[in-house]
Protein chains: 2
Amino acid sequence: MNLKELASKLGLSQTTVSRALNGYPEVSEATRKLVVEAARLYGYAPNTRAKALATGNTHCIGHIIPVSEKREMVNPIFGDFMAGAGEVYAQNGFEMIVTMVEEDQEDALYRSFRTRKSVDGVVVQAPRMLDHRLGLLSDIGLPFVVHGRASSFDAPYSWLDVNNRSAFRRAARFLLDLGHRRIALINGLEHMDFAYRRRRGYEDALTAQGIASDPDIMSTSEMTEGNGYANATRMLGLPKPPSAFLVSSMIETVGVRRAVEERGLVMGSDVSIVTYDDCLSYLQNGAETPIFTATRSSVREAGKELAQMLIERIRNPQSIPQNRLLEAELLVGSSTGPFKATS
Amino acid sequence: MNLKELASKLGLSQTTVSRALNGYPEVSEATRKLVVEAARLYGYAPNTRAKALATGNTHCIGHIIPVSEKREMVNPIFGDFMAGAGEVYAQNGFEMIVTMVEEDQEDALYRSFRTRKSVDGVVVQAPRMLDHRLGLLSDIGLPFVVHGRASSFDAPYSWLDVNNRSAFRRAARFLLDLGHRRIALINGLEHMDFAYRRRRGYEDALTAQGIASDPDIMSTSEMTEGNGYANATRMLGLPKPPSAFLVSSMIETVGVRRAVEERGLVMGSDVSIVTYDDCLSYLQNGAETPIFTATRSSVREAGKELAQMLIERIRNPQSIPQNRLLEAELLVGSSTGPFKATS
DNA sequence: AAGATCTCTCAAAGCGCTTTGGATACCGCA
DNA sequence: TGCGGTATCCAAAGCGCTTTGAGAGATCTT
């Protein structure tokens, strides 16, 4: 069943039927009711491709997920982020196109999105400090919003980010206030913008107490359980091991905890841990009371808000870019305690 | 730049240019070279929507991810699964449309996919034992492949599944051989087909040894870290606690381990654990030697194979459905050991 | 040398929708 | 009675591509 058939079945023109279904005012309420009813009856729904061709809007949004052959890692937050965004897309009649792409082919992909007109806009994930993607997207005129920020890009653009610097500053301060002086940082890859900012926050807090940062107890790697374990194990084996850890993700924290317990140390007493918590659905930080002391911000909520922002931008390309800086909450759990001089 | 412009720039007709670019034999190699070169020069690429409208193929594949408002859980395997599938799609010029949908709206979504012609086919995730989706998809004639199987659906259809029953039978047998007699099962939701099969495998092994299964040490819930912890904690507190655990996912195992260690028990000696490992990229089971004894099968590989199967099906709808039953490997790690009578 | 056969190219129709620019009927008003 | 103004509806063009059916040349038969 297509428009033409439906129209002839109703004895109306395609124009009228189309307008009735799309809520245009040029058609009387009586006929609109008739048309809508008939469409329901015959199970008519417009062909998305034809509609896109006629209007120029695809009602599709691209999510680009960088993968690389060597490091096969898929960021575990994508699922929850997409769940948030997807909900908003569904409400607004948008579809989400997810593309896995090697980093060196990303530019070509954006260009292809543009020339082939397969999406109305894109969400840029995991921005790096120096990220040419934003410049490229501006140049080719493809609407976009960024989950995070790219320090290197000056022109205004729409983004939503957690205040990573202040979150880590507060977390480190919290540990300092408990008396810890050797605080390790288990960070993500520091060419990523968020990780760089987190390190800055950590250093801010140390500096404020006149403590020099020590590269021996700072690591930067992909945030996997395995890396958390490996980094923490190495640090705990140092002549002067850290008494506290500041960790960039829950999943990595699972590994840190493993290292701590394997060494026979008790978390929350011998060693304190503060983690960053994205509120992943399958890895919640305790039911009522949090297990880990954590700076927390829901990645799913971020997905929702960003989706909304992008839809706005697509509907009204002239609007000025919106920015949203979320402050993470600092929740105290049982993984932290006052510094205890070790025997 | 569109076809018409490119054609006039070349002094050729749209027909010829289109054919040249699509590799039809009716055009000479000389002109084809010319056309291809010009397309590259001007950065021409066909509008996907126009192409889809003209040909009737969208070159899009739908992935439906069920979410529900009450249980906000997003299955952590989706990321890696999609990474695998996405790779194959990219190689074959397909795009992946991901839709989050409430379970009760799933039917409407499939119907809408069909009538609006927005995808060429879909991959069905997480089939339930009684799953009417497959019948529906057959009825409406939307090509599909299933990640898993649905016991209730008889007609032939394309699927790829791990032999969950044999995997869990072997895992349970392994624990029995080590002398364990009270083996707990921490399973996923058992209306899911995979979880049902896993329980069957577990029971097979127990029955073969003449052991009756005990509901007290069998749990079925969503596979989150928190549920793993909660279930294991409860079981360890029983008058007759289990000496071994068979767990359905790595993420849940993290919680089980937490419960074990919190109780002061040593994994691999006081308590044995065998887990199912999907080879998630951010939660790998040790680098060289596995930490957990595990039945293992890569969900990313599954994604690749299923994508290939679906593309085949779309290209050749008359082909007979393919089925693929993978056997999981049983890898011995350090989380298991012989049964030790407790004091 | 004329007809038959290829080879290469083209004009035009069609995919299913939206949207422009009228047409038609009906109303009140002078 | 006739005229502008609404309220409804329509025919046709157009979105950018593929594909059908056919037409020129060039090459080959006999």
Side-chain angles (χ1 to χ4, degrees), chain A residues 1-36 38-39 42-60 93-95 112-120 314-315, chain B residues 1-36 38-39 42-60 93 95 112-120 315:
Chain A
M1 173 70 58
N2 58 24
L3 228 207
K4 198 198 234 171
E5 290 166 21
L6 182 63
S8 85
K9 215 140 219 160
L10 279 160
L12 289 171
S13 75
Q14 294 189 40
T15 312
T16 305
V17 176
S18 169
R19 285 188 165 152
L21 292 173
N22 290 315
Y24 282 75
E26 293 94 337
V27 43
S28 73
E29 273 315 312
T31 46
R32 188 194 307 282
K33 204 160 287 174
L34 236 60
V35 170
V36 168
Y42 296 112
Y44 168 79
N47 179 310
T48 51
R49 309 295 139 156
K51 192 163 187 165
L53 182 55
T55 61
N57 309 111
T58 63
H59 276 246
C60 281
F94 278 81
E95 271 161 353
S112 150
F113 271 165
R114 180 73 205 174
T115 58
R116 313 181 52 160
K117 292 216 173 35
S118 38
V119 299
D120 291 341
I314 288 168
R315 292 209 175 122
Chain B
M1 173 72 56
N2 59 23
L3 227 208
K4 198 197 235 172
E5 290 166 23
L6 182 63
S8 83
K9 215 140 219 161
L10 279 160
L12 290 172
S13 76
Q14 294 190 41
T15 313
T16 306
V17 176
S18 170
R19 286 188 163 150
L21 293 173
N22 291 316
Y24 281 75
E26 292 94 337
V27 43
S28 72
E29 273 314 311
T31 46
R32 187 194 307 282
K33 205 160 287 174
L34 236 60
V35 170
V36 168
Y42 296 112
Y44 168 78
N47 179 310
T48 52
R49 309 296 141 156
K51 193 163 187 164
L53 181 55
T55 60
N57 310 111
T58 63
H59 276 247
C60 280
E95 270 161 354
S112 150
F113 272 166
R114 180 73 205 175
T115 58
R116 313 181 53 158
K117 292 215 172 35
S118 38
V119 299
D120 292 340
R315 292 209 175 121

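In this text the structure is predicted, and so the values were computed from the model without any measurement. Order of the sequence lines sets the chain letters (A, B, ...), proteins ahead of strands, with each chain counted from 1.
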> Under the salt bridge (Lys or Arg N to Asp or Glu O under 4.0 Å) rule, what pairs show up with a residue in residues 19-34 of chain A, not counting sequence neighbours?
Replying inline: E29(A)-R32(A)
>> Using modelled atom types and a 3.5 Å cut-off, is there a donor and acceptor pairing between side-chain atoms of N57(A) and backbone atoms of H59(A)?
In response: no
>> Protein within reach of the bases, or only the backbone? For nucleotides 14-21 of chain C, mark each nucleotide 5' to 3' as B, S or -, using heavy atoms under 4.0 Å.
In response: BBBBBBBB
>> So does R116(B) get a backbone contact from the side chain of T48(A), meaning a donor-acceptor N/O pair under 3.5 Å?
In response: yes
> Backbone N or O of Y44(A) within a donor-acceptor pair of the T115(B) side chain at under 3.5 Å?
Replying inline: no
> Hey, is the main chain of Y24(B) close enough, under 3.5 Å, to the side chain of N22(B) for a donor-acceptor pair?
Replying inline: no
